[in-house]
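Report on the structure given below.
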Amino acid sequence: MKIIFNDATELVVQSASIRTDGSLLIKTISAAEEELRTMFQDKFKTQKMTVTERESTVATYENYTDLNALVKYIGGILGVVIYREKESPMDRIDALEEHVDNLTEANKSREAETEELIATVDSILTDVLPALLGDGTEETDTENTDTK
């Protein structure tokens, strides 16, 4: 199995798979740690990577340009963990924090609007409606004079 990079260079690999966190994990024994670091830090090279096996395309990975880690496994296997641009866990956490801040601000604004509406309704119920309908004292006075 091999990876053909965007610049047409190749690397023999044991596996390449997407992990649950969205990262691409590539395992190889055919390159040294520094070679892998150099290869996978090259954003042009990793812009598009095609995994082939026996001349058939197994998978194509695009925009995995953010090298996260090199991992050493038993038996001399080296792993490369690479993310798409702006999709690493820290990038996603930062985006979520910003989203939460925006929602919090929007919520505060809605709470202020709700308090203003409650005050307006309260004013209508306690000041405006009684003035329009009267407070009921005239009716009581007329009722008292009619019964006499």
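- Taking 4.5 Å as the limit, every side-chain heavy atom of Asn102 sits out of range of all side-chain heavy atoms of Val100.
- The distance from the CD atom of Glu115 to the CG atom of Asp122 is 13.0 Å, given to the nearest 0.5 Å.
- Put simply, the side chain of Ile26 reaches to within 4.5 Å of the side chain of Phe40, judged on heavy atoms.
- Residues Val80 and Leu25 fail the side-chain proximity criterion, which asks for heavy atoms closer than 4.5 Å.
- With values rounded to the nearest 0.5 angstrom, Leu36 atom CG is found 10.5 Å from Gln41 atom CD.
- Contact check on Lys43 versus Glu85 returns a salt bridge, with a Lys/Arg side-chain nitrogen under 4.0 Å from an Asp/Glu carboxylate oxygen.
- For the pair Val81 and Val71, the minimum side-chain heavy-atom distance is below 4.5 Å.
- A chain of hydrophobic side-chain contacts below 4.5 Å, direct or via other Ile, Leu, Val, Met, Phe, Trp or Tyr residues, connects Val58 to Leu11.
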_The test is side-chain contact (heavy atoms from CB on, under 4.5 Å); show your working for Ile18 and Tyr61 and say whether it passes._
CA-CA 9 Å; Ile18 302 292; Tyr61 302 105; 3.6 Å; yes
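- The shortest side-chain heavy-atom distance between Asp101 and Glu105 does not fall under the 4.5 Å cut-off.
- The distance from the CG atom of Leu78 to the OH atom of Tyr73 is 10.0 Å, given to the nearest 0.5 Å.
- Put simply, the side chain of Phe5 does not reach to within 4.5 Å of the side chain of Glu10, judged on heavy atoms.
- Without hydrogens or angle criteria, Asn6 side chain to Phe44 main chain gives a donor-acceptor distance under 3.5 Å.
- Looking at Thr46, its side chain does come within 3.5 Å of a backbone N or O of Asp42 through a donor-acceptor pair.
- Side-chain contact between Met1 and Arg54 is absent, with no heavy-atom pair separated by less than 4.5 Å.
- Follow the hydrophobic side-chain contacts under 4.5 Å out from Ile3 and you never reach Ile29; the two are in separate clusters.
- Between Met39 and Lys45 the shortest side-chain heavy-atom distance falls below 4.5 Å.
- Across Thr52 and Ile4, no two heavy atoms sit closer than the pair CG2-CD1, 4.1 Å.
- Expressed to the nearest 0.5 Å, how far CD1 of Ile82 lies from CG of Asn63 amounts to 10.5 Å.
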Run the side-chain hydrogen bond (donor to acceptor under 3.5 Å, both in side chains) check on Lys48 and Thr60 step by step: do they pass?
-> CA-CA 7 Å; Lys48 182 177 180 182; Thr60 300; 5.8 Å; no
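- Linking ILVMFWY residues whenever their side-chain heavy atoms come closer than 4.5 Å, directly or via other members, leaves Val13 and Tyr83 in distinct clusters.
- Residue pairs meeting the side chain to side chain donor-acceptor pair (under 3.5 Å) criterion with at least one partner in residues 23-37, sequence neighbours excluded, are Arg19-Ser23, Asp21-Ser23, Thr28-Ser30, Glu33-Arg37, Glu33-Lys72, Glu34-Arg37.
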- Task: Please lay out, stage by stage, how Glu53 and Lys2 fare under the test salt bridge (charged side-chain N to carboxylate O under 4.0 Å, His left out).
- Result: CA-CA 7 Å; Glu53 187 170 22; Lys2 67 182 175 182; over 6 Å; no
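- Between the Thr114 side chain and the Arg110 main chain, a donor and an acceptor come within less than 3.5 Å of each other.
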